[in-house]
Amino acid sequence: MEQKYIRELVLNELKEKAVAEQCDAEYLVKIFNHHMFNHEILGVPYFEHVIKVYKLIAPAAKQTEDYLKLVPYIATIFDMVISLLIVIDDILDQSEMRSGKLCWHKIVGVEAAANDSHIMMGCVFYLLKKHFSHLDCYTNLLELVHESLFTISLGQHFDDKMSREDFDNFTEKNYKIMIRNKTSYSLYFSLGALMYLAGYSNPETHKKAKEFFFELGYMFQVQNDFWDCYEHMNLSSKSNTDIVEGKLTWLAVQCLKIATVNQKELFFQHYGKKMEESEVKIKELYDQLNMQKLSKRSDGLTSGQNQQHRE
């Protein structure tokens with residue numbers, strides 16, 4: 001099932017539901033056209049990766065035509081959940097751009113964008129019920145969506161809270177808490193859903209998957225933090241704002257670990273200040289501490305940990 005086809009299929013289903021409820025179907029389409037069905041990994045549509053992963057992990061009995069037709073809906077539901085969380089994330093971070101486009105709240109306003117995130121959430125549960133309620137995995141999928149929304153939202157709150165806390169809280173421990181609840185759980189969510197559809201419901205199996213994605217999430221977040229500082233966009237295609245927003249990042253944590261007293265004083269004076277001069281000062285400090293080299297070394301260590309985990 002091609003991405004273009006599933007896009008039209010899902011949008012038509014949601015439009016029919018909106019019309020039945022006498023709601024604005026065209027606005028619903030506008031929401032999803034802005035947020036969804038445009039994600040790629042290494043130049044390949046996200047949907048294609050999801051289908052390939054399912055075929056790799058599912059037993060033959062779960063690879064019938066009926067099951068394979070459901071896999072794109074898993075991808076769609078994941079896309080919706082992440083999209084609605086992104087809407088809230090961008091509001092909290094007061095972001096301007098995402099994936100080369102204005103953030104949704106910059107187009108429709110903060111109040112409307114917050115409500116639209118709930119509209120997307122309603123669509124998630126509508127599609128789950130319509131396409132999966134006849135399966136044994138339905139309850140597990142429902143619980144996974146609820147748990148993911150809860151956990152990732154807590155992670156987002158922790159991320160936002162840390163940007164307003166004393167710098168004493170910029171520790172490796174708190175950084176890992178944020179990653180586990182936000183980045184890593186986002187990565188686990190789609191695979192967890194595919195595992196349930198494929199018949200793998202053993203809690204121990206899912207626990208191991210979460211542990212693996214914590215390591216992967218750590219590596220991803222370190223790279224994301226690095227790109228946010230040294231590139232125009234980070235890995236999430238979000239405009240780089242970590243320094244001016246005072247975010248808890250890997251770079252900030254490592255800086256405070258190795259900086260001298262005077263360097264720490266400069267950090268405290270300029271980090272989280274919404275001034276171009278302060279952002280430049282922090283980047284100069286990172287350069288003095290050779291953070292780019294340290295970041296590459298951390299990537300290597302994390303990759304080694306992942307290899308040990310697989311073995």
Side-chain angles (χ1 to χ4, degrees), residues 36 39-42 44-58 62 70-89 120-121 124-125 127-128 132 135 137-159 173-225 234-236 238 250 299 302-303 305-311:
M36 296 182 58
H39 299 149
E40 293 186 348
I41 302 174
L42 300 176
V44 179
Y46 166 72
F47 277 61
E48 293 184 23
H49 287 286
V50 173
I51 293 170
K52 287 179 181 178
V53 169
Y54 182 78
K55 288 181 177 180
L56 283 173
I57 68 172
K62 299 287 186 177
L70 292 174
V71 177
Y73 283 98
I74 293 287
T76 301
I77 287 166
F78 170 78
D79 206 358
M80 285 183 179
V81 170
I82 298 304
S83 293
L84 73 90
L85 290 168
I86 283 173
V87 170
I88 300 301
D89 183 40
M120 285 190 274
M121 191 185 304
V124 166
F125 291 111
L127 290 175
L128 267 176
F132 297 92
L135 298 175
C137 64
Y138 178 56
T139 299
N140 284 327
L141 289 173
L142 275 177
E143 290 179 352
L144 177 64
V145 171
H146 282 296
E147 184 180 354
S148 298
L149 286 168
F150 179 65
T151 303
I152 298 170
S153 295
L154 284 178
Q156 174 56 46
H157 168 72
F158 192 83
D159 181 18
K173 178 182 177 182
N174 283 337
Y175 184 68
K176 288 182 176 180
I177 290 172
M178 182 186 70
I179 290 172
R180 181 177 294 280
N181 291 336
K182 185 180 177 183
T183 310
S184 299
Y185 218 95
S186 299
L187 296 173
Y188 158 72
F189 174 37
S190 60
L191 179 65
L194 292 178
M195 289 169 64
Y196 282 129
L197 183 63
Y200 303 116
S201 57
N202 188 308
E204 190 62 30
T205 303
H206 282 264
K207 180 181 177 181
K208 290 180 179 178
K210 290 177 184 178
E211 290 172 355
F212 170 77
F213 278 106
F214 171 70
E215 298 295 342
L216 187 63
Y218 186 92
M219 182 169 63
F220 175 91
Q221 193 62 52
V222 169
Q223 292 176 335
N224 191 64
D225 292 348
N234 58 29
L235 295 179
S236 61
K238 182 179 177 180
W250 183 88
D299 285 348
T302 308
S303 298
Q305 291 170 356
N306 283 331
Q307 181 63 34
Q308 291 173 8
H309 183 90
R310 286 192 292 271
E311 293 172 351

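For clarity, every value in this text was computed on a predicted model and none was experimentally measured. Hydrogens, waters and symmetry mates play no part in the numbers below; they use all other heavy atoms, side chains included.
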Inset, instruction - May I have all residue pairs that pass side-chain hydrogen bond (donor to acceptor under 3.5 Å, both in side chains) and include part of residues 193-205, sequence neighbours excluded? - result: none
So how far is it from [X] [atom1] to [Y] [atom2], rounded to the nearest 0.5 Å?
| X | Y | atom1 | atom2 | value |
| --- | --- | --- | --- | --- |
| L194 | L70 | CG | CG | 11.0 Å |
| K52 | L56 | NZ | CG | 9.5 Å |
| F158 | R180 | CZ | CZ | 12.5 Å |
| K210 | E215 | NZ | CD | 15.5 Å |
| K62 | C137 | NZ | SG | 7.0 Å |
| Y185 | T151 | OH | OG1 | 4.5 Å |

Does any part of the side chain of [Y], heavy atoms only, come nearer than 4.5 Å to the side chain of [X], both counted from C-beta?
| X | Y | answer |
| --- | --- | --- |
| F150 | L154 | yes |
| N224 | T183 | no |
| D89 | K182 | yes |
| I57 | L191 | yes |
| I82 | S186 | yes |
| F125 | L142 | yes |
| I74 | S190 | no |

Write down the atom of [X], the atom of [Y], and the distance for their closest heavy-atom approach.
| X | Y | value |
| --- | --- | --- |
| Y175 | V222 | OH-N, 3.7 Å |
| V81 | L149 | CG1-CD2, 3.9 Å |
| F132 | L197 | CE2-CD1, 4.1 Å |
| G155 | N181 | CA-CB, 3.7 Å |
| M80 | V124 | CB-CG2, 3.5 Å |
| L144 | A193 | CD2-N, 3.3 Å |

Inset, instruction - Assign the ring pair F214 / Y218 to parallel, tilted or perpendicular, where the plane angle (0 to 90°) is split at 30° and 60°. - result: tilted
Inset, instruction - Go through the structure and list residues passing salt bridge (Lys or Arg N to Asp or Glu O under 4.0 Å) with E143, not counting sequence neighbours. - result: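 Applying salt bridge (Lys or Arg N to Asp or Glu O under 4.0 Å) to E143 gives none.
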Inset, instruction - Examine H206 together with F213 and report whether their ring centres are nearer than 6.0 Å. - result: no
